[in-house]
Amino acid sequence: MIVLGIETSCDETAAAVVTAERAILANRVLSQAEAHRPYGGVVPEIAARAHVEHLDSLIRDALDQARVGIGGLDAIAATAGPGLLGGVMVGLVTGKAIAAVAGVPFLAVNHLEGHALSIRLVEDIAFPYLLLMVSGGHCQLLIVKDVGNYRRLGTTIDDAVGEAFDKTAKMLGLGYPGGPAVEAAARRGRADRFDLPRPLRGRPGCHFSFSGLKTAVWRVVESLARPLGQQDISDVAAAFQVAVGDVLVDRSARAAERFRSEHEDADRLVVAGGVAANGYLRDRLARLADDVGFTLHAPPAALCTDNGAMIAWAGLERLGRGMVDSLDAPPRARWPLDPDAAPAPGAGVKA
Ligand code: KG4
Ligand code: ZN
């Protein structure tokens, strides 16, 4: 079984060819970071236009590299949401058109499911597992029970963790996207120079909050003399990253406890999404997993940030279970993995 995966939900145009035997025959990702950099964040109209301009040739490149023609594909998978609708539509329509021409099944993939199952593309890890999903748009703890079957234990009540990295980078003049730049700067920093809050740490439940941390970073940056020196930048980045690590560890520990109380064979913690590319946070989570008798599983960095291989893989998992979609599958701006999860209390509202 060979599947083409297409990803266009945010600012990466991506196409990949993956087999059911876990061979990644091609995994092409075209970052639009350069186009969005002057604006310090993703501009939806620019993103949609860039997907239109580049997707066709990127798919051709991926098929060439995989040495497979359209006739050699067994199915087409494309992200159908959640994400920026303009971009989602570009990939979705393209995927449907190829599926129609090739006469093969089409799979409308939830981008979050792509992240959630990405670990199974590289490791034979069984369900259920605990998932910490940390990306630019999401910060959630979920029990992954099966393909299409998720229970959300916690989510952010305000900002996503990747967003906090990006805003911190912007305040420090590190540019966009911020995650990798903050991680690099933090390596040379002293985390204890500034005292930053750890929102919701020690509180009941598994929800997250990052807006207070973001504001605290802003206050610290405002208090420093301009222009910021290299050491200032590194020290703030390090303090921020440690605070994020403390919060992720605290919330994940609680989720692990809950997961274990419900599933006796629960001992697997998976981290996925763009922020999971962060080496410091991976180390912290590996240590936590060790402390609570779990093992940490994390995809390689290239499969953490947005890519087409995870979409192709989620498509393969669905195809294998006969969960194919019709060519009317709609694009979805919002698409929670656990539609039954109770709404998270908003910022300032007591849980
Ligand atoms: O999963 P992803 O590529 O896109 C979304 O679905 O949101 O995640 C992108 C996010 C961005 O906020 C980016 O700054 C963050 O992941 N990120 C990182 C690192 N690499 C990417 N954050 C922290 N450390 C990194 N090394
Ligand atoms: Zn993503």
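Atoms within a ligand are numbered from 1 in the order they appear, just like the ligands themselves. The chain is numbered in sequence order, starting from 1.
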Is the backbone of [Y] close enough, under 3.5 Å, to the side chain of [X] for a donor and an acceptor to pair up by distance?
X: H51; Y: E7; value: no
X: D250; Y: G202; value: yes
X: N278; Y: L281; value: yes

Of all residues at least two apart in sequence or in a different chain, which pass the ring-ring contact (aromatic ring centres under 6.0 Å, His included) check with H115?
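Expected list: H111.
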Between D158 and S209, is there a side-chain donor-acceptor contact under 3.5 Å, judged purely by atom types and distance?
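Yes, side-chain donor-acceptor contact under 3.5 Å.
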Please list every donor-acceptor pair under 3.5 Å in which a side-chain atom of residues 331-338 meets a protein atom from a residue at least two apart or in another chain.
{"from": "D338", "atom 1": "OD1", "to": "D340", "atom 2": "N", "distance (Å)": "3.0"}
{"from": "D338", "atom 1": "OD1", "to": "A341", "atom 2": "N", "distance (Å)": "3.4"}
{"from": "D338", "atom 1": "OD2", "to": "R152", "atom 2": "N", "distance (Å)": "2.8"}

Could you name all protein N, O or S atoms found under 2.8 Å from the Zn ion (ligand 2)?
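Listed by chain and number, the nearby protein N, O or S atoms are H111 NE2, H115 NE2, D306 OD1.
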Roughly how far, to the nearest 0.5 Å, is the CG atom of L131 from the CG atom of L141?
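The distance works out to 7.5 Å.
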From H207 NE2 over to Q140 CD, what is the distance, rounded to the nearest 0.5 angstrom?
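Answer for the NE2-CD pair, H207 versus Q140, is 10.5 Å.
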Passing option when F165 is tested against F240, F210, Y280 for ring-ring contact (aromatic ring centres under 6.0 Å, His included)
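So, applying the ring-ring contact (aromatic ring centres under 6.0 Å, His included) to F165 and each of F240, F210, Y280, only F240 qualifies.
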Any idea which residues sit under 4.0 Å from ligand 1, heavy-atom distances?
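Only H111, H115, S135, G136, G137, G162, F165, D166, G178, G179, P180, E183, G273, G274, V275, A277, N278, C304, T305, D306 have heavy atoms that fall under 4.0 Å of ligand 1, ordered by chain and number.
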